[in-house]
Amino acid sequence: MNNLILEVENGIALLTINRPKSLNALNSETLAELNTCLAELEKDQEVKAVILTGSGEKSFVAGADISEMVNATAPEGRTMGLLAREAFSRLENMPQVTIAAVNGYALGGGCEISMACDIRVASENARFAQPECGLGILPGFGGTQRLARLVGKGRAKELIFTCDQITAEEACRIGLVNHVVPQAELIDYCKAMAGRIMKNSPFTVALAKQAINTGMDTDLDSGLKLEANLFGLSFATEDKKEGMTAFLTKRKEKHFIGK
Ligand code: CAA
């Protein structure tokens, strides 16, 4: 991989987008590498959580690579959009929990890739924007869809139409990020959160993720039916026996095996 750094430790994969000279902008090669890497990670039973970040202290991801897009034709633009769609949907739906550690600029495709993660934690210096309309394109890596679902139609339209940059605090206020922490603490904070999640049954965390993701894209009644079915499925697991027995016998330590 030319543009990614993958470090796996204690069940947590730290995946760093590493193109510091262009503030970690996403070119086609990086998108293809992301897709391949996530396809491997989603099959890896040892990996229980993925933290996505950018290299350096200035930028998470400063968007799609403008120097690649400037001469791209309409079909090439569509191909790039589809490449991102494949990688980002994989990220969104992988069974492991994904946390974006937003360590600086999250602009355009950077904001969009963070929104494909389950949870976003931002450093105090992080800035978010969808600057595409100022470049004569529109958000094409999921921004028109995921931003509206996360922060509501009105706020998404304001951000996309104005191209305004917002601070980490403002992003937190509108629900775009979950927490804002000092930059020096960002990765440890995300690892600690991943650790708390990993104490629970990984199988049921994956089912809950599926219920939320699918449910948010359907009507309430269909979402509730899906939830009831997945709730039922969780009763067939060893993890359910373990979790409930531990509670009833007042045992603190639990040993979830993920099935
Ligand atoms: N694509 C390609 N190169 C980029 C880039 C991008 N998105 N963002 C930054 N760079 C490059 C700059 O061209 C510069 O390269 P050189 O040193 O070779 O000149 C280098 O990174 C450092 O950037 P700056 O000198 O501009 O740094 P700065 O501190 O003055 O500004 C910034 C930082 C505000 C992030 C500014 O670089 C910027 O506005 N970048 C573009 C942000 C943007 O518009 N992103 C959206 C892209 S479109 C998109 O993402 C479409 C989509 O929906 C997927």
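Note: hydrogens, waters and symmetry copies are ignored here, and every other heavy atom, side chains too, is used. In this chain, residues are counted from 1 in sequence order. Remember, it's 1-based here, ligands and their atoms both numbered in the order they're listed.
With respect to atom 29 (O) of ligand 1, the closest heavy atom belonging to the protein is Lys58 NZ, 2.6 Å. For atom 45 (N) of ligand 1, the closest heavy atom belonging to the protein is Ala62 O, 2.9 Å. Nearest protein neighbour of atom 5 (C) of ligand 1, counting heavy atoms only, is Ser22 O, 3.9 Å. Scanning the protein heavy atoms around atom 20 (C) of ligand 1, the nearest turns out to be Lys21 O, 3.4 Å. If you check which protein heavy atom lies closest to atom 53 (O) of ligand 1, you get Glu132 OE2, 2.6 Å. What sits closest to atom 39 (O) of ligand 1 on the protein, heavy atoms only, is Leu107 CD1, 4.4 Å.
Put simply, CD on Gln96 and CE on Met198 are 10.5 Å apart, with the number rounded to the nearest 0.5 Å. Annotation: the span from Leu52 atom CG to Ile113 atom CD1 amounts to 5.0 Å, rounded to 0.5 Å. Annotation: the span from Asn103 atom CG to Thr53 atom OG1 amounts to 3.5 Å, rounded to 0.5 Å. The distance from the CG atom of Asn93 to the NZ atom of Lys209 is 7.0 Å, given to the nearest 0.5 Å.
Inside a 4.0 Å radius of atom 24 (P) of ligand 1 there is not any protein heavy atom. Inside a 4.0 Å radius of atom 33 (C) of ligand 1 there is at least one protein heavy atom. Using a 4.0 Å threshold on non-hydrogen atoms, atom 1 (N) of ligand 1 counts as touching the protein.
Salt-bridge annotation for Glu42 and Arg90: present, with a side-chain N of the basic residue lying under 4.0 Å from a carboxylate O of the acidic one.
By the 3.5 Å distance cut-off applied to N or O atoms, Tyr105 is not counted among the residues near ligand 1. Checked by distance only, ligand 1 and Gln165 stay at 3.5 Å or farther apart across all their nitrogen or oxygen atoms.
At least one heavy atom of Met69 sits under 4.0 Å from some atom of ligand 1.
Between the side chain of Thr245 and the main chain of Lys241, a donor-acceptor pair closer than 3.5 Å is present.
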